[in-house]
Each structure stands twice: as structure tokens, then as C-alpha cells.
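Only one structure is covered here, and it is reproduced in the block below.
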Amino acid sequence: MITRKMNERITFLERKYMKDENGDLIDDDKVLFSCWAEVPKSTTKEFRDRSSEGIEEMKKRKTRKVFYIRFRKDVDTGLHVEWRGEKYEVVDIGEDWQSKDMLMITCEVIK
């Protein structure tokens with residue numbers, strides 16, 4: 001892992017639902033931790049392939065992000081990530097159990 005590429009700060013949140021004074025459910029995000037992450041750039045092949053893809057696939061790519069962080073055991077798909085003012089839902093985690101070096105976290109924008 002090249003740590004100098006980890007130049008973006010992301011925050012992991014746990015979403016809890018609480019009732020307000022009127023009895024309505026509101027979501028309350030509790031900050032679990034912040035860490036440095038790498039956000040990989042798109043490859044030339046992905047840019048070339050976008051012209052032949054459908055519009056739905058292009059929209060999906062805009063709403064999905066991949067983050068690489070140092071290996072941690074306390075990250076799961078029930079968490080949310082905040083990055084550059086946008087909140088994302090963790091949809092997939094790729095663990096490197098052999099070298100325990102990094103986690104690849106795939107997130108999708110919360111609408």
C-alpha cells in the first residue's frame with residue numbers, strides 16, 4: 001500500500017433513527033471515526049467505454065465511489081461515509097485478509 005496516495009479525509013457514520021418531540025422519526029448520524037483514504041481515478045478504458053454504454057450505466061458511475069483505507073475490522077455494510085460534503089452508503093467491502101493491508105470500500109450516494 002502506498003500511503004502517500006491516501007490524501008482524502010473520509011468520516012464513517014452510524015445512522016440511528018430517533019423520535020423527535022412530535023413522535024416523528026428522524027435520522028441521527030453518529031460519527032464513529034475519520035481516516036485517510038485513496039480515491040482511485042478512472043482509467044482511460046472506462047472513459048472510452050462510457051461513450052458506448054447506456055445512460056443508466058453512466059448515472060450509476062456518477063453515484064458510486066471506491067475508497068481504499070488501511071485494514072480495519074470495524075467497518076461493515078451498515079455504515080455510511082461522508083466525503084466532500086456528500087453522504088454515501090457502504091454497499092460492498094473487499095478485504096485483503098492475506099496481507100491485512102487495506103480495505104476497498106464501494107459506496108453509493110444516499111438520495
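In summary, Arg15 and Asp27 engage in a salt bridge, as defined by a charged side-chain N under 4.0 Å from a carboxylate O. Under 4.0 Å is where a charged nitrogen must lie from a carboxylate oxygen, and between Lys87 and Glu82 no such pair does.
The side-chain heavy atoms of Asp92 and Thr77, taken from C-beta on, include no pair separated by under 4.5 Å. Annotation: side chain of Cys35 is in contact with side chain of Phe12 (closest heavy-atom distance under 4.5 Å). A heavy-atom distance below 4.5 Å is found between the side chains of Val75 and Ile105. Looking at heavy atoms from C-beta onward, Met104 lies in side-chain contact with Tyr68 at the 4.5 angstrom threshold. Residues Leu13 and Leu32 form no side-chain contact, since every pair of their non-hydrogen atoms from C-beta on lies 4.5 Å or further apart. Considering only heavy atoms from C-beta on, Val81 comes within 4.5 Å of Phe67 through its side chain. Residues Val109 and Glu86 form a side-chain contact, since some pair of their non-hydrogen atoms from C-beta on lies under 4.5 Å apart.
Both cation-pi conditions hold for Arg9 and Trp36: the charged atom is under 6.0 angstrom from the six-membered ring centre and inside a 45 degree cone around its axis. Arg64 forms no cation-pi arrangement with Tyr88, by the criterion of a distance under 6.0 Å to the ring centre and an angle within 45° of the ring axis.
Under the 3.5 Å distance criterion, the side-chain polar atoms of Asn22 are left unmatched by any main-chain donor or acceptor of Asp24.
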For Glu8 and Arg84: C-alpha separation, side-chain torsions, deciding distance, then whether salt bridge (charged side-chain N to carboxylate O under 4.0 Å, His left out) applies. CA-CA 9 Å; Glu8 294 288 334; Arg84 292 189 176 180; 2.8 Å; yes

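To the nearest 0.5 angstrom, Ser34 atom OG is 11.0 Å from Ile69 atom CD1.
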